[in-house]
Number of protein chains: 2
Amino acid sequence: MDTELTPRQTFFNLPPDKQQRVLEAAVQEFSERGYQQASINTIVSRLNIAKGSIYQYFDSKKSLFLFIFNQGIAMVRQMLKQVKKESQGEDFFTRVRKSLMAGVEFIDKHPALYRVYLRILFERDSPLREDFLQTIRLFSREYILSLLEEGQARGEVRKDLDPVLAVFILDAVLDKFLQNYALPYLDPALELNEKKGLEEKIDSIVTMLRQGFAAADGI
Amino acid sequence: MDTELTPRQTFFNLPPDKQQRVLEAAVQEFSERGYQQASINTIVSRLNIAKGSIYQYFDSKKSLFLFIFNQGIAMVRQMLKQVKKESQGEDFFTRVRKSLMAGVEFIDKHPALYRVYLRILFERDSPLREDFLQTIRLFSREYILSLLEEGQARGEVRKDLDPVLAVFILDAVLDKFLQNYALPYLDPALELNEKKGLEEKIDSIVTMLRQGFAAADGI
DNA sequence: TTTTAATATGACCACCTGGTCATATTATGG
DNA sequence: CCATAATATGACCAGGTGGTCATATTAAAA
């Protein structure tokens, strides 16, 4: 229970490229099998190192996992911060569109890392799972909320929307879109595995959210 | 590989209440631990029957799981069919609202079964997972699509919407809402664990989808 | 009651898991 | 070259898994 949550010094003494190889192999395994089913044996075997070695780097499977996941959270956080900064002053719906596209880009860069997140979402026994999810949820919601409030202040967004529910809808659509992008088999009809037409689909989705589903006169 | 996918005759010879007890215990275990981590040992131990017995009823863990999941799919299918029938002729947005409320009711009646579905969503190694998900996805999408098309024909829904993307948005919001209802810790701010105010929240969400996020003049 | 068929049982099997540790190998610095 | 510290190694451990099967128990038929 009182395992260290950070790698051991030995890990940091490793040549940087070996550090990276180790982390990549672990991310790969966690993304393929989830936390519980991920096998230390498989990881070390793929790395061609002895089993004992990985326990020189990390105290436990849990500690290895936590280090990876924390790194991932930090990366997402930084990414959102940058999108927000770069789009400052732009229209609300443009910012939503850009946030979605940034998410797509993130998954392109770190597909396995994103799949680890998807795994943990519904795996009851990942360590500190609820803490992690609340952390992610919290800053994801707060990010969207801040965009929304700026949009309302600028008069681009209806002011009578319940912020919690509006954020819920946006978050749901964004999150599901990225899930489908990462795992295209979830909804083959969307054809999100095809790069072509991706931006147009994002545009359409944001437009629908903007103007709603109800028929205006004569449409 | 060539295991039977149905229970053995012995299972059907069992008194109906024992059949149900066995299935309930299995659903419970699968919902708590997912497919791979679910333990036959735990199931038989909770049922106070010998391990060998459950292998008189089912050929394998896989066969037990498949039987349960197929049953669940059939139940959802029937539920949606009924909602569609009962709401025939009503306004599109009313039908969406009623579908969502039917989903909430379903989860109230079969919470563990719904959690099994959530587990399978992101567990790569559940048997026939992709087949199941495609089946579920397909009839879920087709259900929403049929409502949408009727709504467009009646002039209640914009006719310039891309059906695939419109269905995606509706499906995303409905699915996420039910996920959050089943697992309230996912987004505590929604307070979906409180029965009070649930209908109002559903109303608000449907209203937002209807009229969109963009500010009309003076709002 | 006797025979036969159906069902229940749990010790047992091979296999895999995360983790340990005494030992071997390599690097470092005097 | 030697001594010491750091790192790498893999046989080994206890504990869990899905699944089997000879045997015991119960039910049905004769």
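Here is the naming used below: chain letters follow the sequence lines, and residue numbers restart at 1 for every chain.
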J.: Does the side chain of B/Gln78 pick up a donor-acceptor pair with the side chain of B/Gln82 at under 3.5 Å?
T.: no
J.: May I ask you to verify if any side-chain N or O of A/Asn13 is less than 4.0 angstrom from the OP1 or OP2 atom of D/dT7?
T.: yes
J.: Check for a donor-acceptor pair, side chain of B/Lys61 on one end and backbone N or O of B/Tyr35 on the other, with a separation under 3.5 Å.
T.: yes
J.: Describe, in one word, how the ring planes of B/Phe58 and B/Phe11 are oriented to each other, choosing from parallel (under 30°), tilted (30 to 60°) and perpendicular (over 60°).
T.: tilted
J.: Please encode protein proximity along nucleotides 8-28 of chain C as a string of B, S and -, counting only heavy-atom distances under 4.0 Å.
T.: BBB------SBBBB-------
J.: Would a distance-only check, ignoring hydrogens and angles, find a side-chain to backbone donor-acceptor pair under 3.5 Å from A/Lys176 to A/Asp171?
T.: no
J.: Just by distance, no angles: are the side chains of B/Ser31 and B/Tyr114 close enough, under 3.5 Å, to form a donor-acceptor pair?
T.: no
